[in-house]
Trainee: 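Once you've had a glance at the structure underneath, I'll fire off some questions.
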Amino acid sequence: TKVQSVVKTPYSGLYEVFIAGQLIYTDDSANYLIQGSIIDAKNDRNLTEERTRELLRVKFDELPLASAIKTVKGNGKRRLAVFSDPDCPFCKELEVQLKSVTVVTVYTFLFPIAELHPDATQKANAIWCAADQPKT
């Protein structure tokens, strides 16, 4: 697996290794690998989770917004990116909830998960080919 980064931590000679979207830890010679979370017990914080979120964060303006289905409601001042599988029940529930939001531009990126929803790719293609993608 390709190592994305190695950074010395402030914790007793540990190094964080970022591989395939997850953090593991090692000593300075990489003899030992530790998989799990580092918790700041004094402040009740999961430092591994915080660092992982930081490493995985994508800047909104770096998203390929031109490749998304764009829906503007009201003046569209607020912006939201949604990654949606056409057959996902949770995605459908989010769509229902978003109907009550009145001032937003929603960028929907179709993300069919064929392993869970075998017809999702076909439906995503139909949405892309539709004359009115947001409505479809």
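Note: hydrogens, waters and symmetry copies are ignored here, and every other heavy atom, side chains too, is used. Worth saying up front: this structure is predicted, and the values here are computed from it rather than measured.
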Trainee: Could I get the full list of side-chain contact (heavy atoms from CB on, under 4.5 Å) partners for Glu49, not counting sequence neighbours?
Mentor: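 Result, side-chain contact (heavy atoms from CB on, under 4.5 Å) vs Glu49: Asn46, Arg53.
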
Trainee: Closest heavy-atom contact between Thr48 and Gly36?
Mentor: OG1-O, 3.8 Å

Trainee: Among residues at least two apart in sequence or on other chains, which ones pass salt bridge (charged side-chain N to carboxylate O under 4.0 Å, His left out) with Arg57?
Mentor: none

Trainee: Under the rule for salt bridge (charged side-chain N to carboxylate O under 4.0 Å, His left out), what residues qualify as partners of Asp132, not counting sequence neighbours?
Mentor: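 If we apply the salt bridge (charged side-chain N to carboxylate O under 4.0 Å, His left out) test to Asp132, skipping adjacent residues, there are no hits.
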
Trainee: With a 4.5 Å limit on heavy-atom distance, are the side chains of Phe18 and Leu56 in contact?
Mentor: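 They are in contact (side-chain heavy atoms under 4.5 Å apart), so the answer is yes.
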
Trainee: Check salt bridge (charged side-chain N to carboxylate O under 4.0 Å, His left out) between Glu95 and all other residues, then give those that pass, not counting sequence neighbours.
Mentor: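 Glu95 satisfies salt bridge (charged side-chain N to carboxylate O under 4.0 Å, His left out) with no residue once adjacent residues are dropped.
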
Trainee: For Lys2, which residues count as a side-chain contact (heavy atoms from CB on, under 4.5 Å) partner, sequence neighbours excluded?
Mentor: none

Trainee: Quick one: ring pair (Phe, Tyr, Trp, His ring centres under 6.0 Å) partners of Tyr11, sequence neighbours excluded?
Mentor: none

Trainee: What I'd like to find out is whether the side chain of Trp128 reaches to under 4.5 Å of the side chain of Leu110, using heavy atoms alone.
Mentor: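 Yes, at least one pair of side-chain atoms sits under 4.5 Å.
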
Trainee: Looking at residues at least two apart in the chain, or sitting in another chain, which of them share a salt bridge (charged side-chain N to carboxylate O under 4.0 Å, His left out) with Arg78?
Mentor: none

Trainee: Among pairs that include at least one residue of residues 3-28, which meet salt bridge (charged side-chain N to carboxylate O under 4.0 Å, His left out), considering only residues two or more places apart or in two chains?
Mentor: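 Applying salt bridge (charged side-chain N to carboxylate O under 4.0 Å, His left out) to every pair that reaches into residues 3-28, excluding sequence neighbours, yields Glu16-Arg51.
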
Trainee: Taking all atoms of both residues into account, what is the closest heavy-atom pair of Ala124 and Pro112, and its distance?
Mentor: CB-CG, 4.0 Å

Trainee: What pairs with Asp119 under side-chain contact (heavy atoms from CB on, under 4.5 Å), at least two apart in sequence or on another chain?
Mentor: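 With neighbours one apart ignored, the set is Asp87, Lys123.
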
Trainee: Does the side chain of Phe90 come within less than 4.5 Å of Asp85's, by heavy atoms?
Mentor: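 In short, these two side chains do not touch, never coming nearer than 4.5 Å.
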
Trainee: side-chain hydrogen bond (donor to acceptor under 3.5 Å, both in side chains) with Gln97: which residues, sequence neighbours excluded?
Mentor: Glu93

Trainee: Not counting sequence neighbours, which residues clear ring pair (Phe, Tyr, Trp, His ring centres under 6.0 Å) with Phe109? List them please.
Mentor: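 Phe109 satisfies ring pair (Phe, Tyr, Trp, His ring centres under 6.0 Å) with Phe83 only.
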
Trainee: Side-chain contact, heavy-atom cut-off 4.5 Å: Lys73 with Thr102?
Mentor: no

Trainee: Taking Leu80 as the fixed residue, which of Leu98, Thr105, Thr108, Val101 is the one that meets the side chain to side chain contact (heavy atoms under 4.5 Å, CB included) rule?
Mentor: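 The passing option is Leu98.
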
Trainee: Listed by chain and number, what are the side-chain contact (heavy atoms from CB on, under 4.5 Å) partners of Val3, not counting sequence neighbours?
Mentor: Val6, Val17, Ile19

Trainee: Can you check side chain to side chain contact (heavy atoms under 4.5 Å, CB included) on Gln4 and Leu55, steps first, answer last?
Mentor: CA-CA 10 Å; Gln4 294 168 278; Leu55 289 167; over 6 Å; no

